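None of the values given here were measured: they were computed from a predicted structure. Numbered from 1 within each chain, the chains take letters A, B, ... in sequence-line order.
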2 protein chains.
Amino acid sequence: MTVQLGFIKSDPTTVPAQMTCEICPGLELNICQAASQAEWAVSDAALIPVQQSDHFALARRIVCREEDLHDSVPVICGGWAASIATLSDSSRQILSFLLPGDIVPTTLLSEPRERYLVEAITDVRYRIFKRSELKAAVFKQMDLLEKFLKAWAEEKSRSDQLIVDLGRRTADERIARLILNLAERLAKRGMAGGEPVELDFPLRQRHVADATGLTPVHVSKVLSEFRRSGLIRISERSLTILDLKGFRRIANMR
Amino acid sequence: MTVQLGFIKSDPTTVPAQMTCEICPGLELNICQAASQAEWAVSDAALIPVQQSDHFALARRIVCREEDLHDSVPVICGGWAASIATLSDSSRQILSFLLPGDIVPTTLLSEPRERYLVEAITDVRYRIFKRSELKAAVFKQMDLLEKFLKAWAEEKSRSDQLIVDLGRRTADERIARLILNLAERLAKRGMAGGEPVELDFPLRQRHVADATGLTPVHVSKVLSEFRRSGLIRISERSLTILDLKGFRRIANMR
DNA sequence: CGCTTCATTGATCAATCTCAACTCGCGTGG
DNA sequence: CCACGCGAGTTGAGATTGATCAATGAAGCG
């Protein structure tokens, strides 16, 4: 079995919890750290114990289902995952990709019209917080709350973005934008960059299709066309944007 | 000029602020009331003054732009509005319809990739809160914060829903679902119901098109087909769902 | 009245899907 | 060690959905 842990190569079971958390990409919202600090901050008064437990999911396996999210809040520590809505005919729509440091869709505790679930794309290491405890901690710590609000705003902004893409953009545009967005998010985590830009790209074309509302077949054609015109190169689960300017033009046109 | 104020027929200028707020449809999140109560609750201590000012926008006019939302939080009191993203080729995507009691997209204070704005569909009466004050009030009042969180969760849930619709559903399904969703939201406010279900429907076909990622022309064809097969009836800015069961079938299939 | 916006309808076009065949790499079990 | 099956990707042909273009009519408004 190939282990694709994104940027973290170490065996998660050998690393103590606090350690892994500290390697966690420095994100605006680094919950693990934030929560530990919260615990730390009040540990003298022994007020808010924020428990967290480590977990692991193999690629292509389900990390959690909607019902699991009622009392637990998972956070991705390593690897890629996706939150997915599945329709009754088994077609799927990816709502968002979850990268290391991302908190699993925060608000998934509403009435479920469709089936939501979180699926591991690569092998994934994650950590589960108790919702009630996390909430309590957040409410007591103003700055933690602020962080959450900011993360929320960003999450919402991305989903608005996706709505526009799905509603008003062509296949080429959607795919190019998806790649650029991922590159940007990865860059923030120090997991992409360079000249030309290069990034881990563990997605199957099926994932791209599910995220862009297209068909795997069509995704293949579009990506081939991108490759043929020298915009990108894909190999070994890694993607290079050869012509960033041209690629941006395709993504933003209109 | 016809005034279509949804369910509120009174001239807003003649009604004192507190009055209008009390007529406001009883919603999970009734900010006007909640905020006034917050003010009330601490008025003895004179701690959190939550100011609010009344405003009015004619149909088809802009209620506010993205940059306005940095320090102010508008709440719809009467009428319908829409929050819209516009692309550079002037095509538009409606992110959500705003009905009385709705708070204008809460998190629109992030980096703007597209141009967002809020546009009045009917004449709209709304109220503006100072963001900083509202925030302070919310942070001090646990239950207010809870209300906000719930409202956000719902907002997020709806936008996830929309993502699935735009990504994976046909024109027929999208349009039927839009109508059913609106009916449901209106029913919660006591603004729709009956047997057969009837609701105010001030939307132009252009709005439906902008919300579903379709063309006005195609919307017209689909709606005509719906009418022809006896599913719905539209007249006088009012819509009746004649065959709720059949309509639901069209909306949910797959 | 004459303008403008909105809706309807038909004809044609284009983007994307569907179906199908084929390849490649990989893991498994005989 | 090899045959096999499976999942992923590629490619082409044809079908479908919805877009585009264009003409027309109806309604609201100054």
Would you indicate which nucleotide in dA11(C), dA13(D), dT8(C) comes nearest to any side-chain atom of Lys221(B)?
dA11(C)

Interatomic distance where NE2 belongs to His207(B) and P belongs to dT5(C) [whole Å]
14 Å

Answer yes when Arg185(B) and Glu154(B) have at least one side-chain N-carboxylate O distance shorter than 4.0 Å, and no when they do not.
no

Is the closest basic N to carboxylate O distance between Arg189(A) and Asp200(A) below 4.0 Å?
no

Ile175(A) CD1 - dA15(C) C1' separation (whole Å):
13 Å

Please work out whether the ring planes of Tyr126(A) and His55(A) are parallel, tilted or perpendicular, with thresholds of 30° and 60°.
parallel

To the nearest Å, give me how far apart CG (Asp89(A)) and P (dT18(C)) are.
10 Å

Rounded to whole angstroms, how far apart are NE2 on His218(B) and C1' on dT9(C)?
14 Å

Atom CG of Leu166(B) to atom C1' of dG18(D): distance rounded to whole Å?
14 Å

Protein-nucleotide distance (Glu173(A), atom CD; dA15(C), atom C1'), rounded to Å:
12 Å

Report yes if at least one side-chain N or O of Gln205(B) is closer than 4.0 Å to OP1 or OP2 of dT5(C); otherwise report no.
no

Which nucleotide in dA19(D), dT16(C), dT8(C) has an atom nearest any side-chain atom of Ala171(A):
dT16(C)

It should be established whether Arg206(B) places a side-chain nitrogen or oxygen under 4.0 Å from OP1 or OP2 of nucleotide dA7(C).
no

Arg60(A) side chain, from C-beta outward: closest of dG7(D), dA7(C), dA22(D)
dG7(D)

Give one of base, sugar-phosphate or nothing for Arg174(B), where a contact means two heavy atoms less than 4.0 Å apart.
nothing

Run the salt-bridge test on Arg92(B) and Asp210(B) with the 4.0 Å N-O cut-off and return the result as yes or no.
yes

Compare the minimum distances between each of dT20(D), dT11(D), dT16(C) and the side chain of Leu214(A), then state the nucleotide with the smallest one.
dT16(C)

Are Arg158(B) and Asn181(B) linked by a side-chain donor-acceptor pair shorter than 3.5 Å?
no

Nearest-Å distance, CD (Glu236(B)) to C1' (dA26(D))?
13 Å

Does dA7(C) have OP1 or OP2 under 4.0 Å away from a side-chain N or O of Ser220(B)?
no

Whole-Å distance, Glu225(B) CD to dT9(C) C1', equals 13 Å

Tell me which nucleotide among dA7(C), dT20(D), dT11(D) gets nearest to the side chain of Arg228(A).
dT11(D)

